[in-house]
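First the structure, in the form of C-alpha cells, and then the observations on it.
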Protein chains: 2
Amino acid sequence: MKKQLQPIDAEALLVEHEFKKTPLRIMLLETLSLSPSPLPVLKLQRKLKKLAADPATIYRALNAFVEAGIVNALTVDKTKVMYELVQEKNHLHHIVCNSCSAVESIPFCVKTIDQQAVKLSRQFNKIHSHQLAFVGTCRKCVRALR
Amino acid sequence: MKKQLQPIDAEALLVEHEFKKTPLRIMLLETLSLSPSPLPVLKLQRKLKKLAADPATIYRALNAFVEAGIVNALTVDKTKVMYELVQEKNHLHHIVCNSCSAVESIPFCVKTIDQQAVKLSRQFNKIHSHQLAFVGTCRKCVRALR
DNA sequence: CTGCTAATTGCAAATCATTTGCATTTGTAT
DNA sequence: ATACAAATGCAAATGATTTGCAATTAGCAG
C-alpha cells in the first residue's frame, strides 16, 4: 500500500500566502508536492533546470516558504538540508539511509511509533539510531517576549 | 528532580578508543560530560579558551569523536550543529526553543513519549513542532555493500 | 630518563553552500 | 496600458568547516 501523492494547487497556495505566482515558485512547490521524500537543494536544482533558475533564487524561494510555514526544512546530518511540503498527513518523520542518504517520509505520528517501529525496521532493513527534537518556546523566552 | 550530571573519566574514554590523551581532548570530553544539554561549537570554543585551542583542532577532535561513536552530532536547524556525549541514558531526544535556541536533553525514550509528552509541554511552555528521524541502512545499500 | 616515531596541533589558505547588493525584469492591482 | 513593489540573475561576499604542511607532543622502547 503505497502512499498516494496528491498534486497540490501551487498557484492557489502562493496566492493564499501572498506570494506572486512566478514560474519558479510554482514549479518548486509542484516538485516538492510530487516527491515522496524530502528533497535536498541539489535535487531541486536538477528538477528545475528547465527554468535555468539561479541557485540564489531557489534559496530565496525556499527560505520564504519556510518562513511562511509552507515548507519544512529538515536537517538530519550536518551538511544535508532537505525540504518538503508541509502537509496534513506529514508529521515530519523520516528515515534516512546512513550509506546512500536516501530519505523516506514515514506516514505515522509519534503516538503510534511503538507499534510501527517493528514493521518499519523490517522495511528498511536496519535502524541504527534515531533522533527526535521538539521545537517550542521555553518559559524564559515567553516571559522575555511580553 | 533534576538530572544528576555524572562527570566521566575522559582519559579512560580516550584510551579505550585509542586516542592519545591530549589536554584539549580531555577538556573537550569533560566539558561535554558536564553540560546538561548539547553544546554548539561556539560555546565549546568559549569553554576551551584557556587552552587557546584552534578551531580547526576542535573540529578535528569532534569529528573524530563522532566517528568513534563517543559523541553525537545533533542538527536541529539548518545552521546549528551541536555536540553531546553519547551516554547510556542519552537517547538523543531534545527540546529546542525556537526563540533563543536553548536546548534541553530529554531523559526518556521514544517508547514512553506518549505519556511524557504532556508533562514535557508543561515544563517547556509550548511545543510548536517536532522532528523525528531514524537513521539506518536501506535494503538497496545492504545489497550494494556485500 | 632519553630518543624515536606517529599522531596531534597551529596556522594560513582553500572550500563550499548559502547569502547579499544591486541593476534589471516581471507580476499584479489600478 | 501603466506603475510600483516584488522577484530575479549575476557577481561578489560571507562564514562555518576543512585541508595542507611544518612544528610540536604523546606514547613507547630501550
Side-chain angles (χ1 to χ4, degrees), chain A residues 9-32 38-68 70-83 101 103, chain B residues 9-31 38-68 70-83 101:
Chain A
D9 186 342
E11 304 202 12
L13 193 56
L14 287 170
V15 170
E16 184 188 335
H17 289 269
E18 301 184 316
F19 287 115
K20 290 187 175 177
K21 294 181 284 183
T22 69
L24 180 128
R25 287 175 171 174
I26 294 168
M27 190 172 289
L28 192 51
L29 290 178
E30 282 175 352
T31 302
L32 288 172
L39 292 170
V41 176
L42 200 72
K43 285 197 180 176
L44 283 170
Q45 288 174 339
R46 275 193 224 117
K47 301 257 183 190
L48 299 182
K49 62 173 180 289
K50 289 174 189 172
L51 298 179
D54 192 273
T57 306
I58 297 178
Y59 281 113
R60 274 191 278 232
L62 288 170
N63 288 339
F65 291 158
V66 170
E67 179 88 11
I70 301 175
V71 162
N72 176 46
L74 170 74
T75 326
V76 173
D77 69 46
K78 226 185 298 199
T79 43
K80 193 163 299 234
V81 184
M82 289 168 298
Y83 296 87
S101 293
V103 189
Chain B
D9 186 342
E11 305 202 13
L13 193 55
L14 287 171
V15 170
E16 185 189 334
H17 289 269
E18 302 184 315
F19 286 115
K20 289 189 176 178
K21 294 180 284 184
T22 68
L24 180 127
R25 286 173 173 174
I26 294 168
M27 189 171 290
L28 191 52
L29 290 178
E30 282 175 352
T31 303
L39 291 170
V41 176
L42 199 74
K43 285 198 180 173
L44 284 171
Q45 288 173 340
R46 275 192 224 116
K47 301 257 184 190
L48 300 181
K49 63 172 177 289
K50 289 175 189 172
L51 299 179
D54 191 274
T57 306
I58 297 179
Y59 281 114
R60 273 189 279 231
L62 288 171
N63 289 339
F65 292 158
V66 171
E67 180 87 12
I70 301 175
V71 162
N72 176 47
L74 171 74
T75 325
V76 173
D77 69 46
K78 225 185 301 199
T79 42
K80 192 162 298 233
V81 184
M82 290 167 297
Y83 295 88
S101 294

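Lettering follows sequence order; numbering is per chain, from 1. The basis for the numbers below is simple: all heavy atoms, side chains too, and nothing from hydrogens, waters or symmetry mates.
- A:A64 pairs by the side-chain contact (heavy atoms from CB on, under 4.5 Å) definition with A:F19, not counting sequence neighbours.
- Summarising the geometry, the separation between CD1 on B:I26 and C1' on D:dG27 is reported as 13 Å, rounded to the nearest angstrom.
- Between the CG atom of A:L42 and the C1' atom of C:dC16 there is a distance of 12 Å, rounded to whole Å.
- Here the P atom of nucleotide D:dG9 and the CG atom of A:L51 are 9 Å apart, to the nearest Å.
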What's touching nucleotides 21-23 of chain C from the protein side, N or O pairs under 3.5 Å?
from, atom 1, to, atom 2, distance (Å)
C:dG21, O6, A:R60, NH1, 3.4

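- When rounded to the nearest whole Å, the span between CG of B:L29 and P of C:dT8 equals 13 Å.
- Within the model, atoms CG of B:L42 and NZ of B:K47 stand 12.0 Å from one another, a figure rounded to the nearest 0.5 Å.
- In this structure, A:Y83 and A:L32 approach most closely via the heavy-atom pair O-CD2, 3.5 Å.
- Side-chain N/O atoms of B:T22 include none lying less than 4.0 angstrom from OP1 or OP2 on C:dA7.
- With sequence neighbours excluded, the residues forming a side chain to side chain donor-acceptor pair (under 3.5 Å) with B:N63 are A:K78, listed by chain and number.
- To the nearest angstrom, C1' of C:dT9 lies 15 Å from CG of B:L62.
- For the segment residues 13-21 of chain A, residues with any heavy atom less than 4.0 angstrom from an atom of DNA chain C are, sorted by number, A:K20, A:K21.
- Although no hydrogens or angles enter the test, the distance criterion places no donor-acceptor pair under 3.5 Å between the side chain of B:T57 and the main chain of B:A53.
- Side-chain N/O atoms of A:T57 include one lying less than 4.0 angstrom from OP1 or OP2 on D:dG9.
- B:L14 approaches B:R25 most closely through the heavy-atom pair CD1-CB, 3.9 Å.
- Looking at which nucleotide of DNA chain D each of B:P23 and B:N63 is closest to, the 5′-most match is held by B:N63.
- Between the CD atom of B:Q45 and the P atom of D:dG15 there is a distance of 15 Å, given to the nearest Å.
- Residues A:L13 and A:L29 have side chains in contact (heavy-atom distance under 4.5 Å, counting atoms from C-beta outward).
- In this structure, B:A10 and B:I26 approach most closely via the heavy-atom pair CB-O, 3.8 Å.
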Output a table of nitrogen or oxygen pairs between the protein and nucleotides 28-30 of chain D separated by less than 3.5 Å.
none

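- Once rounded to the nearest 0.5 Å, the distance linking CG of A:L74 with CG of A:L39 reads 11.0 Å.
- Computed from coordinates, the B:R25 CZ to D:dT25 C1' distance equals 11 Å when rounded to whole Å.
- Scanning for salt bridge (Lys or Arg N to Asp or Glu O under 4.0 Å) contacts around B:K21 gives B:E11, with sequence neighbours left out.
- Remark: C1' of D:dT25 and CG of B:L24 are 13 Å apart, rounded to the nearest angstrom.
- Of all heavy-atom pairs spanning A:M82 and A:P38, the tightest one is CB-CB, 3.7 Å.
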